[in-house]
Amino acid sequence: MDEFEFIKQIKPNYYRHDTIIKGIGDDAAVFRQPYQDVVTAVDTFVEGIHFSKKTMDPFHIGYRVLAANISDMAAMGATPVSYLISLVVPKEWTDEELIAIYKGMESISKAYKIDLIGGDTVSGDQLVLSVTINGKVEKDKVRLRHHVRSGDVLFVTGTLGDSACGLDLLLSDDPRVESHRYLIDRHRLPTPRVDFAERLKVLNRVALNDISDGISSEANELAESSGVSIYLDYDQLPISDELRSIQSNKQEEFILAGGEDFELLGAVSEKDWPIVQEAAEKSNLTVTQVGYATDGDSTVYIHQDEKVRLLKRGGYVHRN
Ligand SMILES: Nc1ncnc2c1ncn2[C@@H]1O[C@H](COP(=O)(O)OP(=O)(O)OP(=O)(O)O)[C@@H](O)[C@H]1O
Ligand SMILES: Cc1ncc(C[n+]2csc(CCOP(=O)(O)O)c2C)c(N)n1
Ligand SMILES: [Mg+2]
Ligand SMILES: [Mg+2]
Ligand SMILES: [Mg+2]
């Protein structure tokens, strides 16, 4: 069973507390408080799966694990507030390396004004960092995956495929790796789009999902949760000049299934699309229309090379 089938199997049919606005099935869970909604998520980072000594220095490990969690807050339209770290440490990792991991976390915590409030430390065979993050959002302003409607504009922030290409360069033994600093930094030091997502709070309905596994995966999550079909146009997908300049036969794979860009994939009504563009401009970010939603059978199609084909969930899958 892959991770997605597994989650379907263990998902409860009901919640015992009516304060739970959203349980399993989105980027984070949501609890109702008297004056606001509280948003909580957990994401784990494992040596050999998410990073290796070849791809990241200790500073990057700390920065990147927290970036992934902050990105889940952005995907909910929430403002991140605090986090807890559960740490599994093999004996080979030195105190200096562990302190450097925390320096990485402190660096991104400062940028996003969030606090480390606790955690746990145990011994183990591989380095594992599990982050629980808490955030807040105005009542009924969470950005859920089931909020896509037929006729919506589908959009993405920033550019796609950079992180996967950066990873590919880091894993290769190409001596010119250092000349691709932009792509490598996009892999090691991603930028969660919190400011942009917060600026959308004027809108009543926006669907958001952050791109951790690859747009083909996240677009399928939106289509499935919302019961709509999504049409993407390959030629509209935003690609950086740096990625374009790389001669690689894996470019399409990086763009559609690379993941770890931590950009946002979203959907809004055509009427609200100018507000999204304005929010991006104020956040100094590009936002690109990449397709639209229609009535349909919860599937994703892509227009590429003058043909339309089904786009299956092609991104990273754990437990395959
Ligand atoms: N082992 C588990 N037990 C209970 N719920 C789970 C488990 N694994 C994932 N979930 C829940 O399933 C949903 C989807 O999780 P998933 O990890 O795919 O989303 P994500 O964190 O946005 O993506 P990614 O981990 O790729 O960054 C979330 O609601 C998550 O809390
Ligand atoms: C050394 C090394 N090898 C492979 C990868 C690629 N990778 C690992 S997990 C993942 C999806 C996101 O994970 P999650 O779904 O847990 O958020 C991707 C694209 C990497 N980052 N480092
Ligand atoms: Mg997510
Ligand atoms: Mg997750
Ligand atoms: Mg994933």
Side-chain angles (χ1 to χ4, degrees), residues 1-17 20-31 37-46 49-51 61 63-80 83-86 88 108 112 128-135 137 142-148 156-158 160 163-164 167 187 190-194 196-197 206-226 256-267 313-320:
M1 224 186 314
D2 73 25
E3 58 175 311
F4 303 106
E5 280 301 318
F6 175 73
I7 293 164
K8 273 187 205 150
Q9 292 269 321
I10 53 96
K11 187 176 166 178
N13 296 324
Y14 68 96
Y15 293 102
R16 299 188 175 90
H17 296 270
I20 297 172
I21 305 290
K22 183 79 208 179
I24 291 176
D26 220 292
D27 296 290
V30 185
F31 310 88
D37 288 338
V38 171
V39 184
T40 300
V42 57
D43 249 325
T44 303
F45 210 42
V46 179
I49 301 288
H50 298 89
F51 67 91
I61 295 169
Y63 193 101
R64 163 65 178 70
V65 68
L66 207 44
N69 282 269
I70 294 171
S71 179
D72 276 327
M73 294 293 104
M76 299 300 284
T79 306
Y83 63 99
L84 299 97
I85 306 289
S86 167
V88 181
I108 189 164
Y112 286 82
V128 178
L129 292 107
S130 193
V131 179
T132 302
I133 189 159
N134 306 305
V137 61
V142 281
R143 305 320 191 176
L144 301 175
R145 293 177 184 176
H146 71 253
H147 281 169
V148 190
V156 290
T157 60
L160 298 175
S163 174
L167 172 66
H187 180 69
T191 307
R193 304 307 188 185
V194 173
F196 165 74
V206 186
L208 292 176
N209 195 356
D210 70 326
I211 300 175
S212 56
D213 300 326
I215 190 171
S216 63
S217 184
E218 277 80 22
N220 271 284
E221 284 169 356
L222 290 182
E224 267 173 41
S225 304
S226 299
L256 294 176
E260 299 184 290
D261 283 314
F262 299 105
E263 296 297 346
L264 296 174
L265 171 67
R313 199 191 248 284
Y316 196 93
V317 183
H318 292 285
R319 275 190 67 79
N320 240 344

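In each ligand, atom 1 is the first atom listed, and ligand 1 is the first ligand listed.
Regarding atom 4 (C) of ligand 1, its nearest protein heavy-atom neighbour is I10 CD1, 3.5 Å. At the shortest separation from atom 18 (O) of ligand 1 among protein heavy atoms lies F4 CE2, 4.0 Å. Nearest non-hydrogen protein atom to atom 1 (N) of ligand 1 is F6 CE2, 3.9 Å. Of all protein heavy atoms, the one lying nearest to atom 22 (O) of ligand 1 is D27 OD1, 2.9 Å. Of the protein's non-hydrogen atoms, the one nearest atom 17 (O) of ligand 1 is D43 OD1, 4.5 Å. Closest protein heavy atom to atom 16 (P) of ligand 1: I7 CD1, 4.8 Å.
Listed by number with element, the atoms of ligand 1 under 4.0 Å from a non-hydrogen atom of D26 are 13 (C), 14 (C), 28 (C), 29 (O). Ligand 1 places these atoms under 4.0 Å from at least one heavy atom of G25: 13 (C), 28 (C), 29 (O). Listed by atom number, the atoms of ligand 1 under 4.0 Å from I24 heavy atoms are 4 (C), 5 (N), 11 (C), 12 (O), 29 (O). The atoms of ligand 1 that sit less than 4.0 Å from any heavy atom of S212 are 23 (O), 24 (P), 26 (O), 27 (O). Less than 4.0 angstrom separates some heavy atom of D213 from each of these atoms of ligand 1: 26 (O). Below 4.0 Å from some heavy atom of R145 lie the following atoms of ligand 1, by number and element: 19 (O), 22 (O).
A salt bridge does not link E218 with R145: every distance from a Lys NZ or Arg NE/NH1/NH2 to an Asp or Glu carboxylate oxygen is 4.0 Å or more. The pair E260-R64 meets the salt-bridge criterion, since a charged nitrogen lies less than 4.0 angstrom from a carboxylate oxygen. Salt bridge R143/D26: absent, no basic N to carboxylate O contact under 4.0 Å.
At a threshold of 4.5 Å between non-hydrogen side-chain atoms, the residues R313 and F4 count as touching. The shortest side-chain heavy-atom distance between V42 and Y83 does not fall under the 4.5 Å cut-off. The shortest distance between side-chain heavy atoms of S212 and D27 does not fall below 4.5 Å. Side-chain contact between Y15 and I24: present, with at least one pair of heavy atoms (C-beta onward) separated by less than 4.5 Å. Under the 4.5 Å side-chain criterion, counting only non-hydrogen atoms from C-beta, D43 is not in contact with V131. In this structure, L84 and N134 have side chains that are in contact, with non-hydrogen atoms separated by less than 4.5 Å.
Of the residues V142, V30, D37, the one that meets the side chain to side chain contact (heavy atoms under 4.5 Å, CB included) test with K22 is V30. Of the candidates T157, L264, V156, V156 is the only one forming a side chain to side chain contact (heavy atoms under 4.5 Å, CB included) with I211. Of the candidates D261, D72, L265, D72 is the only one forming a side chain to side chain contact (heavy atoms under 4.5 Å, CB included) with D210.
For atom 31 (O) of ligand 1, the nearest protein heavy atom lies 4.0 Å or farther away.
When all heavy atoms of V137 and G77 are compared, the pair lying nearest together is CG2-O, 3.5 Å.
Not one N or O of E221 is nearer than 3.5 Å to an N or O of ligand 1, by distance alone.
The Mg ion (ligand 3) lies closest to atom OD1 when only the N/O/S atoms of D210 are considered.
Protein atoms that are N, O or S and lie under 2.8 Å from the Mg ion (ligand 4) are these: D43 OD1.
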